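See structure below.
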Amino acid sequence: MVTVASLARQLGANYTGDGNIELASIATLQNAGEGCLSFLASSQYRRYLATTNASAVILGDRDAANCPVTAIVCENPYSAYADAARLFEQQPQWQQGVHPSVIVDPLVGIDSGCSIGANTVIEGDVRIGKNTRLGVGCFIGSGVSIGQNCILNAGVTVLTGAIGDRVVIKSGAVIGSDGFGFVRLDDGWKTVPQLGSVIIGNDVSIGANSTIDRGAIDPTLIGDGVKIDNQVQIAHNVVIGEHTVIAGCVGISGSAIIGAYCQLAGGVGIVGHLEIADHVTITGMSMVTHSIKRAGIYSSGTPIMPNTLWRKTAVRLKHLDKYFRSIAKEGKVKGTM
């Protein structure tokens with residue numbers, strides 16, 4: 001357990017109320033009970049503050065006066081919550097050393113403090129940095145380099161490339177598989193060998209079942225601090241700038257260049273061989289078909305609506321060009337026919 005006063009000190013925050021209250025767990029405002037810590041970071045949950053049964057709430061200055069329980073007041077409540085949650089997080093137990101069932105090439109270099117889980121296979125000329133942890137059933141291909149303090153959860157596959165320090169890769173992710181390269185022939189397709197690798201920077205997070213393909217010639221590049229959600233596809237020779245975040249089910253086609261500090265919401269599709277500037281946000285389910293040269297928020301697609309209205313709209317869209325040409329012919333709008 002942790003007291004309100006000690007938690008506030010760790011967070012660099014102030015508190016109002018009883019600093020001796022002991023906190024045993026974390027819960028949402030609406031579901032919290034005695035001994036629970038909660039937080040308010042979004043205005044849409046403000047309605048739950050007045051009736052919360054939490055013992056303490058992390059929140060900002062604007063909400064402190066309306067908090068009915070002990071308040072931990074800080075500038076960025078969500079960031080403070082993230083720090084507090086680490087105190088209550090149940091981390092898996094790791095045993096240093098190499099499990100007896102691991103198959104490891106004699107030429108592999110494993111630094112001190114590492115943990116290599118059962119049934120992992122490590123091919124030749126691999127280097128694994130200090131305090132890195134590989135879960136059960138990982139596969140590390142020949143020549144791969146993994147930095148210090150990394151965590152690869154169960155079932156991660158790294159076929160080729162270099163991984164920086166403090167990288168977290170969730171279960172089922174595949175790094176360095178062949179890119180989707182084919183040449184069209186009269187009678188089918190010819191495979192183009194993929195000769196490049198993948199280079200992943202420091203402090204990157206890669207979600208479960210996400211895939212990052214190796215480059216065709218030059219490497220696929222993932223910058224420092226990039227955060228990738230589950231089930232994301234990053235094709236060969238993609239470049240992603242530092243501290244960009246990518247939500248689930250995004251698909252990025254080959255040789256696209258994504259800037260730094262971008263945000264790609266769920267289900268975004270990006271066509272290959274285009275460039276996106278720094279500080280670009282693309283809203284969910286948008287399709288990006290051309291380069292974006294300026295920072296800002298971009299959207300595409302039709303928002304959800306009742307099916308009957310959508311069907312009428314779809315029919316009218318088919319006739320939009322005809323309507324425009326008719327109006328332009330009458331001189332009521334400017335345009336080309």
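Keep in mind it's a predicted model, so treat the numbers as computed, not measured.
Partner Ile270 forms a side chain to side chain contact (heavy atoms under 4.5 Å, CB included) with one of Ile246, Val288, Thr289, Ile292 and no other, that one being Val288.
Although no hydrogens or angles enter the test, the distance criterion places no donor-acceptor pair under 3.5 Å between the side chain of Thr70 and the main chain of Gly17. Using modelled atom types, one side-chain atom of Arg214 and one backbone atom of Gly196 make a donor-acceptor pair closer than 3.5 Å. No donor-acceptor pair under 3.5 Å is formed between the side chain of Glu123 and the backbone N or O of Val121.
Side-chain atoms of Asp213 and Ser177 include a donor-acceptor pair closer than 3.5 Å. Judged by distance alone, the side chains of Gln233 and Thr211 do bring a donor and an acceptor atom under 3.5 Å apart.
Here the straight-line distance linking atom CD1 of Ile206 with atom NZ of Lys170 works out to 10.5 Å at 0.5 Å rounding. One distance of note links CZ of Phe88 with OG of Ser25; it measures 7.0 Å at 0.5 Å rounding. Note that CH2 of Trp94 is 10.0 Å distant from OG1 of Thr132, once rounded to the nearest 0.5 Å. The distance from atom CG of Asn209 to atom SG of Cys249, rounded to the nearest 0.5 Å, is 10.5 Å. Rounding to the nearest 0.5 Å places CG of Leu159 at 12.0 Å from OG of Ser197. Taking OG of Ser210 as the start and CD1 of Ile175 as the end, the distance is 8.0 Å to the nearest 0.5 Å.
In this structure, Val315 and His319 approach most closely via the heavy-atom pair O-CD2, 3.1 Å.
Applying the salt bridge (charged side-chain N to carboxylate O under 4.0 Å, His left out) rule to Arg46 yields the partners Asp63; only residues at least two apart in sequence or on another chain are considered.
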(request) Verify side chain to side chain contact (heavy atoms under 4.5 Å, CB included) between Asp83 and Leu11, making sure each step is shown before the conclusion. (result) CA-CA 7 Å; Asp83 292 333; Leu11 299 177; 3.6 Å; yes
